[in-house]
Every structure is written in C-alpha cells, then in structure tokens.
Amino acid sequence: MMRVWRKTGATETERPDGGTEAKDRSGAREPDDGTEANNLGRKPGDGTEAKDRSGAREQPAGGTVANGPHGPKVPPGEGTEAQWRSDAGAPPPKASAEPKREPVLRVSGLAAAYRRNRVLEDVTFEIMPGTLTAVVGPNGAGKSTLLKTLLDLHPRLGGTVSFFGTTYRNAKRRVGYVPQRGSVDWDFPTDALDVVMMGLYGRIGWLRRPGRRHRELAMAALEKMGMGAFAKRQISELSGGQQQRVFLARALVQDADLYLLDEPLAGVDAATERAIMELLKALRSAGKTVMVVHHDLQTVEDYFDHVLLLNRTVVAHGPTAEVFTRDNLARTYGGMLRGREKVTG
Amino acid sequence: MTGLSHNAQWVLASALMLGAAAGTVGCFAYWKRQSLMGDALAHAALPGVVVGYALLGFKSLPVMLAGAAASALLGALAVAAIRAHSRIKEDTAMGIILSVFIGLGIMLLAIVNRMPGGGKSGLDSFIFGQAAAMVRQDMLVMTAAAVVVLLVVLISFKEWKLYLFDPAFARGLGLSGRLMEAAWMTLLVAVIVIGIQAVGVILMAALLIIPPVSARSWTNAFGRMLALSALFGGGAGAVGTWISTLGDGWPTGPFIVIAAAGMFLVSLLFGVRKGLLVTAMLRRRQMRRLRTERAGDVRRDAFAEGEALP
C-alpha cells in the first residue's frame with residue numbers, strides 16, 4: 001500500500017510529458033487537499049494518513065516552489081516514464097485524494113571545496129518524501145562532504161539548498177543528522193541513555209533540565225534499537241556496532257521528517273546492520289525520508305529504493321531498479337569495477 | 001585554620017572559589033582538547049596588566065584586570081587568525097602567541113619598573129601570583145566573578161555537555177556554534193583574569209589543567225567530573241594559599257600548583273575509574289580468571305569443535 005502510494009506520488013510530479021498538466025491540476029486542487037488531509041488526519045492509526053498530514057504541513061512552505069519549472073527539471077530518459085507506465089497498469093485507488101508532493105530536499109548547482117580541491121561540482125537533485133535513498137560513490141567522491149554542506153557544517157561555495165521548501169536554518173527541527181561514528185570522542189564520560197537524550201535537547205528547550213518523560217522516550221528508542229540492556233553502559237565500553245545503534249536511537253528520538261546518515265553501516269556486524277536497516281525501513285513506512293551514505297554496492301538493491309550515484313557531481317539519480325546499472329556504476333567509479341560481474345539482474 | 005587572621009581567611013575563601021571556577025572551566029578545555037589555550041591566554045594577559053598600570057600610573061586592580069582581559073582576548077584572536085590564514089596548526093600558533101606575549105609583558109615590566117615609583121608597583125606578583133597582595137574589595141569582586149562563572153556552568157550544563165561531546169550534532173539541534181565558542185572564550189578569559197593575581201600568569205594553566213585530569217580518574221559521568229574538578233581546583237587553591245601564608249612574601253602560585261599536583265598523583269594512582277592501581281588490579285583478576293578457565297575450558301572447547309589439542 002505504502003509503496004503504491006509513494007510511486008503514484010512520484011508519477012504525478014515527475015511525469016516528464018505531463019508536467020504542466022500535473023501542475024495545473026494540483027494547483028487547482030491545493031485548497032481541497034488541505035481539507036482532505038485534515039479529514040484523514042482525524043482518523044488515526046493508519047500510516048498513509050500520517051503521510052497525508054505531513055504532506056499538508058509542507059504546503060505553506062512549498063507553495064511558491066509549486067509554480068516553479070517543476071516538470072522540466074527532471075531530466076527525461078532517467079526512467080521516470082517507464083515507471084509511469086508500469087504504475088499506470090495498476091491504477092492506484094487513492095490517486096485523487098493525494099496532496100501535491102513536494103521534494104523534501106531540493107539541491108541545485110551545489111559546489112564545495114577543501115583548500116585546493118573542488119570536492120563537489122554542480123550537484124543538483126531532489127529527494128521526494130517517503131524515499132530511502134543511498135548515496136553511493138568512490139572514496140573522495142564527496143559523499144560525506146555533500147551531507148555536511150547540506151547541513152551548513154561545511155562552507156558552500158555556490159548553489160542553493162532547500163529543505164521542505166525553506167532554508168536549513170528554518171527547517172532544522174525536521175532534519176535529523178547521524179554523523180560518522182568516528183566524528184566524536186567515545187571516551188567522553190557519559191552513558192548510552194545520556195547520549196540518546198541529547199536527541200531530545202532541542203525539544204526540551206535550552207537551559208531546561210530533562211525530565212522523567214524524556215528519559216522514558218530515550219529508553220524506548222534504545223530498546224527499539226535492541227540496546228535496552230546497555231542504557232547505563234559507558235559509551236567507551238560499547239562495541240562499534242552498539243555505538244552506531246546509540247547514534248541511531250539518538251536520531252530516532254529527534255522525530256525528524258528527513259534523516260541524513262553518514263555511513264551508518266560502516267564497520268558494523270550483521271546483526272547491527274539488520275537492526276539499522278529495519279529501523280530505516282520503519283522510518284520510511286512512517287512517511288519519513290531517509291538519505292544514507294552507503295559504501296557496500298552488494299546491498300544497495302536490497303536496501304534502498306532510490307540511488308544517488310555521486311562522484312564530485314551527480315552521475316545518476318533515481319529509482320534503484322533504473323539507475324543502479326553497470327553503465328552508471330562504471331561512470332561513477334571510473335572503470336574501477338571492471339572486474340565485477342553484472343550488478344543488476 | 002583558627003590561627004589565621006581575618007584577612008587570611010578572606011584570601012583563602014577567594015582562592016577556593018577561584019580554584020573551583022578554574023576547575024570547571026578547565027573541564028571544558030579538557031574536552032575541547034584545548035587545555036593549552038588556557039596557558040596561552042594566561043601568558044597573553046601579562047602585557048595588558050602592565051599597560052593597565054602604566055596608563056594610570058598607580059595600581060588599580062580593576063583597570064589592570066581589564067587590561068589583562070583585553071590582551072588575553074587579543075592573544076585568542078591572534079591564535080585564531082594564525083590558524084585561519086596560514087597552514088600553522090593551533091598548538092604551534094599558541095606556542096608563538098604564548099612566548100611573544102610573555103616576552104612583551106616582561107619587557108614592558110622592565111620599562112615600567114624603571115619609571116619613578118615603578119619599582120614598588122608589585123607588578124612582579126602577577127608573574128608567580130601573590131594572593132596576599134589583594135585587598136578586601138578586590139577579593140570580593142573576584143569571588144563574586146568566580147561564583148558567576150560557576151552559576152553559568154550550572155545553568156547551561158546540558159548545553160555544554162552536548163556541545164563538547166558532539167558539536168556538529170549540537171548545531172543540528174539549533175545550538176549556535178558561534179555562541180558556544182564565544183561563551184567558552186568568555187568563561188576562559190574570566191577565569192584567567194580572576195586567577196592571575198593569586199596564581200600568576202605562568203602557572204595559571206596548571207589550575208585549568210590539573211583538576212580535570214585528576215577528576216577524570218574518579219568518575220565516568222560528565223556532571224560528576226565537573227563537580228570533582230571544581231572540588232580539586234578549590235582544594236588546591238585553598239591549600240596552596242594557606243601554605244604560602246606561612247612564610248613572609250612567599251608566592252602563592254607555586255604552592256597551589258604543588259597542591260594540585262599532589263591531588264593529581266593520588267588520583268592517578270588510586271582513582272577508581274582510570275586509576276593505575278585499579279586498572280592493574282582488574283587486569284590481574286582477568287589474567288587469573290583466564291588461567292583457571294584455560295585449565296578446563298580450552299580442552300572442552302577444542303574437543304567440541306573437533307580440533308586437535310595444541
């Protein structure tokens with residue numbers, strides 16, 4: 001159900017030839033959408049409703065963007081047409097009840113550099129809500145830098161970035177970031193529960209003390225990651241995989257709408273990898289959007305519905321089935337994959 | 001402590017508060033990996049003290065301390081500028097600033113001491129510290145400043161913990177990195193300024209560095225580390241000051257540092273979390289357990305896996 005809904009959403013906005021038509025239709029429908037979303041919102045307990053509500057929430061912010069040249073922005077031939085056709089075979093039942101879908105993240109012409117080297121060049125892409133996207137590319141392709149630049153943690157040379165139709169500054173609360181595990185000093189004197197609580201600090205409010213309710217929320221998130229027994233364990237005494245789960249739990253309590261994760265699966269064992277992927281898929285089912293820097297090409301097709309192939313610039317971006325091809329990978333890795341067997345079956 | 005004069009009690013009290021403030025702010029420096037920043041800024045304060053005196057022509061602690069704050073901040077800016085505009089790393093930049101400013105300070109001091117009346121200025125006491133040289137009102141002001149520093153830390157404890165552990169994540173939550181950086185510099189300069197009269201510019205860093213590392217040996221919780229570090233700093237300040245009052249004209253700074261070093265030694269050896277003794281005991285226990293297990297278990301495991309015995 002979820003999947004169908006998401007796909008039809010994509011067809012409405014990405015359909016290359018019907019771009020203006022879709023825009024007109026949605027433009028006329030926008031006021032209705034709001035009320036419909038509200039109506040749906042009164043019946044809790046269904047994942048799709050949550051999505052509808054989140055869509056409604058985006059509308060004020062995305063209103064101006066809706067008038068922009070949305071259709072032409074998606075390059076034709078990236079496979080959206082094929083997707084349209086396959087979806088048309090099975091007409092979605094709720095097609096008319098859907099609000100217009102705006103990308104949660106819109107990046108255009110982004111460039112970034114370290115001292116001498118230009119790391120990112122003209123990076124342009126859009127992330128649609130409810131997707132689970134892998135950012136894939138060779139070492140030094142700028143994957144981590146991309147995340148950091150999006151989040152203003154690394155200076156932007158040029159280009160524009162908009163989260164939920166506004167700047168990152170204004171959308172901070174709706175964006176969760178999980179940095180690489182090695183980015184902090186795990187010798188810091190604190191326990192797992194305390195680290196997870198940090199995810200709530202924004203909600204607790206500055207200069208206020210966390211209460212029992214916050215502790216319970218953090219505990220619940222730890223348990224969701226299978227880390228309940230380690231709540232009081234020193235973070236320095238956790239294994240790498242456990243530390244990664246603590247970071248995930250911290251992101252979870254943030255209750256963001258868009259998550260950006262920097263190599264969450266690097267150097268973790270199979271059990272942790274499974275736990276993390278279950279969490280990410282659960283987030284997607286709850287209508288959240290997830291973008292993950294990923295290094296393991298073998299698992300891309302199993303784990304992610306969208307792929308962004310990056311090597312200083314976007315080589316290809318779209319649904320995994322269409323974009324994750326041998327040709328595109330060869331272009332991304334510059335022929336380094338010559339020895340590999342065919343990637344897609 | 002019954003034999004102490006009223007004035008000496010005041011000196012002790014202010015040294016205690018100063019030590020506590022330095023101990024807490026030192027914890028921040030420890031986790032920011034900037035322990036040496038305190039050293040650089042304390043040294044950088046000396047020219048400001050001398051200029052403050054020279055401008056007025058007589059000794060006024062508030063003016064001299066304002067000068068100290070200004071020149072310490074100048075030092076901080078210089079470190080930041082060198083780091084930003086050259087390939088020189090921060091520690092090297094701090095080394096440059098530290099030595100240049102202390103050299104400048106001592107040069108200015110030599111000039112001022114040759115001025116009429118300059119020889120009796122007592123400016124030398126800023127180099128090694130002379131807590132007894134403070135008058136009652138100065139002590140009041142400094143004690144109050146130390147209390148303010150402690151209160152600020154107490155109120156914003158949660159924010160500091162977040163910022164020190166994961167600054168990038170803190171920024172993602174909306175905690176301004178620039179604000180925290182400015183707050184950190186303000187606290188550091190404040191502690192240095194209220195401390196240099198008692199401890200001296202040369203040894204001020206010891207009071208920022210030794211208490212946190214001592215506290216680290218005893219606890220695994222950031223809050224407790226802060227509290228312990230304040231306790232150690234305060235204790236060292238009080239004990240050192242008390243010893244220095246036993247002799248006439250003894251400098252305070254060295255005794256404070258020796259007292260702090262004593263606490264560090266005890267913590268290093270006997271600290272329950274990271275102390276050498278506990279670590280060694282735990283390792284021995286593990287080894288003993290391994291030896292007893294080896295006797296039976298290895299055989300059993302190997303047998304179960306069908307391996308040949310070694």
Side-chain angles (χ1 to χ4, degrees), chain A residues 115-116 144 147-148 150-154 163 168-181 183-191 193-210 214 232-237 246-247 250-251 253-254 256 258-260 262, chain B residues 27-34 83-89 151-180 183 212-229 271-274 279 282:
Chain A
R115 276 191 97 82
R116 282 164 203 278
S144 297
L147 292 202
K148 286 183 187 152
L150 294 177
L151 300 170
D152 294 339
L153 293 170
H154 184 82
F163 288 88
Y168 171 63
R169 252 182 110 79
N170 292 329
K172 260 182 185 174
R173 283 286 161 82
R174 301 180 65 185
V175 182
Y177 171 50
V178 181
Q180 278 185 21
R181 188 158 37 88
S183 67
V184 303
D185 181 359
W186 289 94
D187 200 34
F188 194 84
T190 190
D191 57 39
L193 185 67
D194 209 33
V195 171
V196 178
M197 293 254 278
M198 288 179 187
L200 293 164
Y201 280 9
R203 212 189 311 165
I204 293 168
W206 301 125
L207 305 184
R208 285 161 189 255
R209 296 277 143 128
H214 301 116
K232 285 287 160 195
R233 182 73 65 90
Q234 270 295 302
I235 55 171
S236 58
E237 290 165 13
V246 169
F247 258 16
R250 183 179 69 170
V253 295
Q254 267 186 283
L258 167 65
Y259 285 103
L260 305 176
D262 200 348
Chain B
C27 267
F28 296 169
Y30 180 93
W31 288 111
K32 261 185 88 59
R33 303 262 174 269
Q34 280 195 333
R83 197 187 46 180
H85 299 296
S86 70
R87 307 205 68 162
I88 298 171
K89 295 254 170 20
L151 279 179
V152 167
V153 172
L154 199 68
I155 291 169
S156 53
F157 165 72
K158 168 167 127 284
E159 283 67 33
W160 284 108
K161 185 164 67 177
L162 173 65
Y163 176 67
L164 292 172
F165 174 62
D166 196 344
F169 187 74
R171 280 166 72 178
L173 287 182
L175 187 66
S176 159
R178 208 172 293 167
L179 176 81
M180 292 308 278
V213 293
S214 308
R216 184 71 187 103
S217 300
W218 294 98
T219 177
N220 269 338
F222 183 61
R224 251 170 284 160
M225 182 178 165
L226 272 183
L228 267 179
S229 183
V272 292
R273 293 297 177 190
K274 300 236 161 189
T279 311
L282 287 175

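In the text below, chain A, chain B and the rest are named by the order of the sequence lines, each starting its count at 1. Hydrogens, waters and symmetry mates play no part in the numbers below; they use all other heavy atoms, side chains included.
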Kindly compute the distance separating [atom1] ([X]) from [atom2] ([Y]), expressed to the nearest 0.5 Å.
X      : Y      : atom1 : atom2 : result
B:R273 : A:S236 : CZ    : OG    : 10.0 Å
B:D166 : A:Y177 : CG    : OH    : 8.5 Å
A:M198 : B:L173 : CE    : CG    : 10.0 Å

### Task
Verify, without hydrogens or angle tests, whether B:K158 (side chain) and A:R208 (backbone) share a donor-acceptor contact under 3.5 angstrom.
yes
Could you tell me which non-hydrogen atom of [X] sits nearest to which non-hydrogen atom of [Y], and how far apart they are?
X      : Y      : value
B:R87  : A:R116 : NH1-NH2, 3.9 Å
B:G174 : A:W206 : C-CZ2, 3.9 Å
A:Q234 : B:N220 : NE2-O, 2.5 Å
B:E159 : A:L207 : OE2-N, 2.9 Å

Counting only non-hydrogen atoms closer than 4.5 Å, does [X] touch chain B with its backbone (N, CA, C, O), its side chain (CB onward), both, or neither?
X      : value
A:L151 : neither
A:V178 : neither
A:D191 : neither

### Query
Is the number of heavy atoms from other residues, nucleotides or ligands within 6.0 Å of CZ (A:R169) greater than 12?
no
### Message
Atom CZ of residue position A:R203 - does it have more than 12 heavy atoms of other residues, nucleotides or ligands inside 6.0 Å?
### Response
yes
### Task
Counting only heavy atoms closer than 4.5 Å, note whether B:R216 contacts chain A via side chain, backbone, both or neither.
side chain
### Task
With a 4.5 angstrom heavy-atom cut-off, could you sort out which part of B:R33 is near chain A: side chain, backbone, both or neither?
side chain
#### Entry: Parallel, tilted or perpendicular: rings of B:F165 and A:F188 (30°, 60°)
tilted
### Task
Could you have a look at B:L164, B:L175, B:T219 and say which one has the most heavy-atom pairs with chain A under 4.5 angstrom?
B:L175
#### Entry: chain A interface, residue from B:A170, B:G172, B:G177, B:G223 that has the most non-hydrogen pairs under 4.5 Å
B:G172
### Query
Between A:I204, A:T190, A:V184, which shows the greatest number of heavy-atom pairs under 4.5 Å with chain B?
A:V184
### pair A:L153-B:F169: side-chain heavy atoms closer than 4.5 Å
no
